There are 2 protein chains.
Amino acid sequence: MARGRKPPTQADPVDFAGLRSYIGYMARQAQTAVFRDFARITEETGLTPGEFSLLTLIGANPGINQITLVTLHNLDKSTLSLAIRDLMRQELIERKKDSRDGRYYALRLTRQGALQLEKATALVEEQERKMDATLKAGERAQLLDMLRRLSKAFD
Amino acid sequence: MARGRKPPTQADPVDFAGLRSYIGYMARQAQTAVFRDFARITEETGLTPGEFSLLTLIGANPGINQITLVTLHNLDKSTLSLAIRDLMRQELIERKKDSRDGRYYALRLTRQGALQLEKATALVEEQERKMDATLKAGERAQLLDMLRRLSKAFD
DNA sequence: CCAATATAGTTTGACTTACAAACTATATTG
DNA sequence: CAATATAGTTTGTAAGTCAAACTATATTGG
């Protein structure tokens with residue numbers, strides 16, 4: 001073994017230019033790292049990151065409608081419509097027409113949905129602990145607050 | 001005007017459950033907010049966020065090859081191959097075979113690429129200043145450092 | 001030297017996520 | 001009741017991603 005190889009990539013150190021001083025760039029790097037790690041959770045539960053947060057919101061707010069979810073997540077309503085359809089097909093959520101206003105659906109978790117959400121939540125908490133390991137005391141709260149402010153900066 | 005409407009979405013406050021205490025969730029929210037805002041930059045320069053960071057890296061490291069970019073950005077080499085093809089078609093970069101090892105391409109910005117990058121960089125700096133407006137003194141450096149540590153947590 | 005193996009990069013196919021526009025259906029109000 | 005607004009669906013399109021099979025070039029043990 002061990003034939004036909006060369007130094008792993010570049011011998012010279014790479015110049016990141018200003019890239020690493022951009023919050024936009026670093027936020028993307030962090031976010032894609034988290035998502036790559038989430039693949040493990042997806043394997044075990046069948047839930048993608050987006051599905052996980054939708055189920056969490058529906059679980060905590062039974063009877064919530066799609067348009068509310070749309071504003072919370074800043075997605076297009078057509079995008080959400082497809083996501084909801086998939087969750088219905090997987091029988092993780094169910095819905096019925098609002099009796100007072102037939103334009104709305106009231107969304108709820110199914111028994112199976114609540115179960116899957118519970119499993120996924122445990123794994124997500126684990127993932128969060130892994131992140132905590134890289135943070136000092138108090139930094140988590142600070143980070144969350146800064147991220148919240150950043151999101152609001154572009155409203 | 002003003003007919004057939006109702007309260008904007010949900011009257012009751014929404015329960016975010018644990019969602020807002022998850023770094024994973026908040027990082028995604030912040031990142032998508034930044035990307036939505038980047039649309040303005042894309043309109044003016046024709047560059048997507050991914051193209052911007054590729055051009056920045058190529059600009060700062062003339063002669064860099066694709067496999068190095070792949071490891072820096074954690075993408076699949078096939079994904080990068082397509083991105084490079086598009087940048088070539090737009091004539092923002094050019095490449096020539098490494099004379100010592102014909103498997104490598106040496107990538108460089110074209111004159112046009114350097115120009116577009118310069119324009120986009122100015123707009124990105126502006127975007128960063130907008131984020132700074134939500135941060136207190138010293139927080140930017142702290143945030144960048146935490147994001148860097150998070151990325152490394154999942155290596 | 002050359003066969004075997006490793007590496008750089010491309011092509012193709014599939015999948016995911018997203019948005020926009022046109023549509024259906026229901027509700028409100030002048 | 002006609003006009004308008006809102007909730008949600010369908011369809012088309014595009015970007016971004018990965019994986020596998022492929023081409024081409026390079027290295028090295030025997």
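All chains are named by letter (A, B, ...) in the order of the sequence lines, taking the proteins before the strands, and each is independently numbered beginning at 1. Because the structure is a prediction, the values reported are computed rather than measured.
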**Q** If you look at every strand shown and take non-hydrogen atoms under 4.0 Å, does A:Arg36 touch a base, only sugar-phosphate, or nothing?
**A**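 Touches nothing.
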
**Q** Could you please name the option among D:dA5, C:dA18, C:dA21 that lies closest to any side-chain atom of A:Arg103?
**A**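 Nearest to the side chain of A:Arg103 among the choices is D:dA5.
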
**Q** Going by heavy atoms in the side chains, are A:Tyr105 and A:Ile93 under 4.5 Å from each other?
**A**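 In short, these two side chains do not touch, never coming nearer than 4.5 Å.
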
**Q** Rounded to whole Å, please give me the gap between NZ in A:Lys97 and P in C:dT26.
**A**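 Interatomic distance, NZ of A:Lys97 to P of C:dT26: 6 Å.
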
**Q** Decide whether B:Tyr104 and B:Gln66 meet the rule of one side-chain donor and one side-chain acceptor closer than 3.5 Å.
**A**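 There is no such pair (donor and acceptor under 3.5 Å, judged by atom type) between the side chains of B:Tyr104 and B:Gln66.
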
**Q** Could you identify the nucleotide paired to C:dT29, looking across every strand shown and requiring Watson-Crick or G-U wobble geometry with both distances under 3.5 Å?
**A**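 The answer is D:dA2, by the H-bond criterion.
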
**Q** Nearest to the B:Tyr105 side chain among C:dG9, C:dA20, D:dT17, which nucleotide is it?
**A**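 Out of C:dG9, C:dA20, D:dT17, the nucleotide with an atom closest to B:Tyr105's side chain is C:dG9.
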
**Q** If you compare all heavy atoms of A:Glu128 against all heavy atoms of B:Ile23, which two are closest, and at what distance to 0.1 Å?
**A**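 In this case the closest contact between A:Glu128 and B:Ile23 is OE1-N, 2.9 Å.
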
**Q** Using whole Å, what does the distance between atom C1' of nucleotide C:dT10 and atom NZ of B:Lys77 come to?
**A**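 Taking atom C1' of C:dT10 as the reference, NZ of B:Lys77 is at 9 Å.
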
**Q** Rounded to the nearest 0.5 Å, what separation is found between the CG atom of A:Asn61 and the CG atom of A:Leu107?
**A**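 Here the interatomic distance stands at 10.5 Å.
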
**Q** Roughly, in whole Å, what's the span from CD in A:Glu51 to P in C:dA18?
**A**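 That distance rounds to 11 Å.
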
**Q** Do you know the tightest heavy-atom contact between A:Ser53 and B:Tyr25?
**A**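 Of all heavy-atom pairs spanning A:Ser53 and B:Tyr25, the closest is CB-CE1, 3.8 Å.
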
**Q** Determine: side-chain N/O of B:Thr79 to OP1/OP2 of D:dT17, distance under 4.0 Å, yes or no.
**A**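 For D:dT17, OP1/OP2 do not have a side-chain N/O of B:Thr79 under 4.0 Å.
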
**Q** Using the side-chain heavy atoms of A:Leu82, tell me which of these nucleotides is nearest: D:dA24, D:dT11, D:dG8.
**A**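 Nucleotide nearest to A:Leu82's side chain: D:dT11.
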
**Q** Taking for each residue the nucleotide of DNA chain C with the nearest heavy atom, is it A:Asn74 or A:Ser99 whose nucleotide lies nearer the 5' end?
**A**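 Nearer the 5' end of the strand: A:Asn74.
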
**Q** Quick check on DNA chain D: between B:Gly102 and B:Thr48, whose nearest nucleotide comes earlier from the 5' end?
**A**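 Looking at DNA chain D, the more 5' nearest nucleotide goes with B:Thr48.
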
**Q** Nearest whole Å is fine: how far is C:dC15 C1' from A:Asp86 CG?
**A**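 To the nearest whole Å, that distance equals 12 Å.
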
**Q** Looking at the side chain of A:Tyr104, which of D:dT6, C:dA8, D:dT9 is the nearest nucleotide?
**A**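 Per side-chain heavy atoms of A:Tyr104, the pick is D:dT6.
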
**Q** Pick the closest DNA chain D nucleotide for A:Ala106 and for B:Gly50 by heavy atoms, then say which residue is nearer the 5' end.
**A**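 It is A:Ala106, whose closest nucleotide lies nearer the 5' terminus.
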
**Q** From NE2 of A:His73 over to P of D:dG8, roughly how many Å is that when rounded to an integer?
**A**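 From A:His73 NE2 to D:dG8 P: 15 Å.
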
**Q** Closest approach to the side chain of A:Gln66, judged atom by atom: which nucleotide of C:dT10, C:dA25, D:dT9 is it?
**A**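 When the side chain of A:Gln66 is considered, D:dT9 is the closest of C:dT10, C:dA25, D:dT9.
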
**Q** Is there a Watson-Crick or G-U wobble partner for C:dA8 with both distances under 3.5 Å, and if so, which one is it?
**A**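 With both distances under 3.5 Å, C:dA8 matches D:dT23.
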
**Q** Nearest to the side chain of A:Ser78, heavy atoms from C-beta on, is which of D:dG8, D:dT10, D:dC18?
**A**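 The answer is D:dT10, which lies nearest to the side chain.
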
**Q** If I take atom CG in residue A:Asn65 and atom P in nucleotide C:dT26, what distance separates them, rounded to the nearest angstrom?
**A**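 Interatomic distance, CG of A:Asn65 to P of C:dT26: 17 Å.
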
**Q** For residues A:Asn65 and A:Thr68, is any side-chain donor paired with an opposing acceptor at under 3.5 Å?
**A**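 Note: A:Asn65 and A:Thr68 side chains meet the donor-acceptor criterion.
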
**Q** Can you check the A:Phe35 CZ to D:dC18 P distance for me, whole Å?
**A**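 My rounded result for the distance is 13 Å.
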
**Q** What is the distance, to the nearest angstrom, from the CZ atom on B:Arg100 to the P atom on D:dA24?
**A**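 Spelled out: CZ on B:Arg100 to P on D:dA24 is 24 Å.
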
**Q** So A:Leu75, base contact, sugar-phosphate only, or nothing? Heavy-atom distance under 4.0 Å.
**A**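 Sugar-phosphate, no base atom in range.
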
